[in-house]
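Report on one structure; see the data block that follows.
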Number of protein chains: 2
Amino acid sequence: MNRQPSMGDVAQAVGVSKTTISRYLHGEFGYMSPDTKSRIEAVIKKLGYRPNRMAQGLKATVSHMIGVSVADIGNPFTSLLLKGIQLECRSRDIQLLVSDANNQPAVERANIESLVDAQVDGLIVNTTGRNDEWLGRVSQSTESAMVMLDRIVQPIICDCVATDNHGASFAMLDHLVEQGFDYVIFVSCPSEGISTRIMRREAVEQYFLDRAVDGEVLVYRQGEADLAERLGTIIAEHNDRRVCLFANNDETMQDVLEALNSEQRRALGLCAFANERWAKYSGDGITCLDQSPVEMGRIAAKKLIARAYDGFQGEYTLEEIPAQLRVYASTTRH
Amino acid sequence: MNRQPSMGDVAQAVGVSKTTISRYLHGEFGYMSPDTKSRIEAVIKKLGYRPNRMAQGLKATVSHMIGVSVADIGNPFTSLLLKGIQLECRSRDIQLLVSDANNQPAVERANIESLVDAQVDGLIVNTTGRNDEWLGRVSQSTESAMVMLDRIVQPIICDCVATDNHGASFAMLDHLVEQGFDYVIFVSCPSEGISTRIMRREAVEQYFLDRAVDGEVLVYRQGEADLAERLGTIIAEHNDRRVCLFANNDETMQDVLEALNSEQRRALGLCAFANERWAKYSGDGITCLDQSPVEMGRIAAKKLIARAYDGFQGEYTLEEIPAQLRVYASTTRH
DNA sequence: CTGTTAGCGCATTCAC
DNA sequence: GTGAATGCGCTAACAG
């Protein structure tokens, strides 16, 4: 059993005590003989010694790890959130312990407990939904700070970072009105406690009430094949109007495209909360609300780091990041 | 400072020794009095005690964490690799320490060192490229096992999982020939030591030599705006032929679409290594080679777990996963 | 059925 | 300038 060299091994090889090695590692060579210093240096290189972070953490009660729990790591949007988190954490030499809940609340709970067990210094949570009270308890009981990302719970129980879903939805609807659409069908999967879906839907419904745009909300389940039929019915009912479909996200937009025949695709307006990089080339270009997941991830990480490592103690805040309206042919060619 | 309860706290509260608690936690109540057992159970619940994994790891020299280093976590393909890894690891209660190299070899090296310092039990590496010898040294020196994922180094220095790039490229070219294309332009960014790019390019060039299909390889740099011009020139030179563009990946396909005007898009054949979910809806549907990133991630994780936790010692293998040819209008409507 | 002891690798007093 | 001693939270002999 040829284990990694430990601090004791180095100490023995140099002929000093572990304390001296420890001091060397922490740059405290103010009072160290240059000779010892260089000898230590040589031995460390020779043995390829590297301090054991678990042992360090056990003493220091900081692990230099933060836990990230995401609802679905396979989602491209989520991966960009991670990108942002990672960018911020690398500069602080913080490791990421990442868990995927696979969209299951029970898995999310198990994952977060497991992250806490691993002694993470803080938690970034992109929740599956349907765990609000449980998350509330966690954020209270745990020493470590917590930040909710993209999907939040209200009232606020910790720092939150999300898209300005209300503002973005209104911006899109304003655009559709301007383009002369007079019937908007907002298409979404069931909310299932997911804040983004809830807030977008609420915004759209409020817009329908407040202003002179008619429309409705169409809720469907993924995998059930009735979307085409239901869309067809609604479209037929409004064939005297200029109809636009507004999808809650990229995935739903794809489901909508799948459900429409090519004639319908061309005849109707189409738009969505979606990644521009994708929407731009889809069909002849689909108008979209492009969010800033990388930036959101960065901000979330910054907030967490401030509390977990820099002793920040201020009030919890909700930061709403604007989305960018990107207009393409799908809402302008009619 | 109101820290989490430790095993000692529990032991004290129950009035037994830490050993007994430890035994309880490991399910060794074969010889434990039912009374003690139930008292321990109660106290643990009351105190909300959870074992500290760092301390466990320090003793056991297993951390129940594996390190994952990816070239670019923001890439949707990469996120699906992670999905697969995660699926496999959750069932074994293994945590993932994820690092993003942001496509920089130097960052990759730093990340992997950091992962090793954190005492991961194994390493899954999706390399940035240009780190081959360094990775070779790591996989030798480190106790922990290593698996290369999607991007590999040859000759094999550890278990590897990758797409069957050669077979997939040939399948696509066969399809193009069948469709009557007689000039194929393979478009790719510079290889930069990345095995997927190298192997796909080699396969295409070999196909050009072996069979009766003419074509060329076009290497461009992202961000440089000359792609449109260079493509234009080549296309003009071959306007008497049926030309198809074959992009190395999704990103390159997008760059190609950006570089072409709508007339060119319609006139030329288009295809790529790309996610079907995306390609299908792009333009009128782009023919693609759909890989199986989730499955690849699973296999990589399985291989790693076998070595890191189950004592498997067999020879290193390279597992090549087939890609699926998905045909859409972009190669059939001409 | 249960406790004592020792030690994992490191950081931190306090001595010298 | 340096070292010995102690303990972080837990596991694993070895005793009873």
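Order of the sequence lines fixes the chain letters, A, B, ..., with proteins taken first and strands second; residue numbering starts at 1 for each chain. Computation of the quantities below employed the complete heavy-atom set of this structure, encompassing side-chain atoms and omitting hydrogens, waters and symmetry-equivalent molecules.
- Of all heavy-atom pairs spanning A:Thr128 and A:Arg151, the tightest one is CA-NH1, 3.9 Å.
- Listed by chain and number, the residues in a side-chain hydrogen bond (donor to acceptor under 3.5 Å, both in side chains) with A:Arg109 are A:Asn131 (sequence neighbours excluded).
- In this structure, A:Gln12 places its CD atom where only 12 or fewer heavy-atom neighbours from other residues, nucleotides or ligands lie under 6.0 Å away.
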Stepwise salt bridge (Lys or Arg N to Asp or Glu O under 4.0 Å) test for A:Asp310 and A:Arg92
CA-CA 11 Å; A:Asp310 301 338; A:Arg92 292 285 299 249; 3.0 Å; yes

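- Ranked by how close their nearest DNA chain C nucleotide is to the 5' end, B:Lys37 and A:Lys59 are led by B:Lys37.
- Heavy atoms of A:Met32 sit under 4.0 angstrom from primed sugar atoms or phosphate atoms, though from no base atom.
- Side-chain polar atoms of A:Ser6 and A:Lys18 form no donor-acceptor pair below 3.5 angstrom.
- Within residues 19-26 of chain B, the residues approaching DNA chain C are B:Thr19, B:Thr20, B:Arg23, by heavy-atom distance under 4.0 Å.
- Note: CE (B:Met7) to C1' (C:dG3) measures 12 Å, nearest angstrom.
- The side chain of A:Ser6 places no N or O atom within less than 4.0 Å of a non-bridging phosphate oxygen (OP1 or OP2) of C:dC8.
- Scanning DNA chain D 5' to 3' for nucleotides with an atom closer than 4.0 angstrom to a non-hydrogen atom of chain A gives a first and last hit of D:dG1 to D:dG9.
- Under 4.0 angstrom from either OP1 or OP2 of C:dG9 there lies no side-chain N or O belonging to A:Gln56.
- In this structure the side chain of A:Val70 never reaches within 4.5 angstrom of the side chain of A:Leu81, judged on heavy atoms.
- At whole-Å resolution of the value, CG in B:Leu58 and P in C:dA6 are 18 Å apart.
- Without hydrogens or angle criteria, B:Ser292 side chain to B:Glu295 main chain gives no donor-acceptor distance under 3.5 Å.
- Between the side chain of A:Asn52 and the backbone N or O of A:Met54 there is at least one donor-acceptor pair closer than 3.5 Å.
- Look at CZ on A:Arg53: it is 14 Å from C1' on C:dC10, rounded to the nearest Å.
- At whole-Å resolution of the value, CD1 in B:Ile40 and P in C:dC1 are 13 Å apart.
- Taking atom CE of residue A:Met54 and atom P of nucleotide C:dA11, one finds them 14 Å apart after rounding to whole Å.
- As judged by a 4.0 angstrom heavy-atom cut-off over every strand, B:Tyr49 is placed among residues touching the sugar-phosphate backbone only.
- Of the possible donor and acceptor atoms, none in the side chain of A:Asp72 sits under 3.5 Å from a partner among the backbone N and O of A:Asn103.
- At a cut-off of 3.5 angstrom, the base of C:dG9 holds no donor-acceptor pair with the side chain of A:Lys18.
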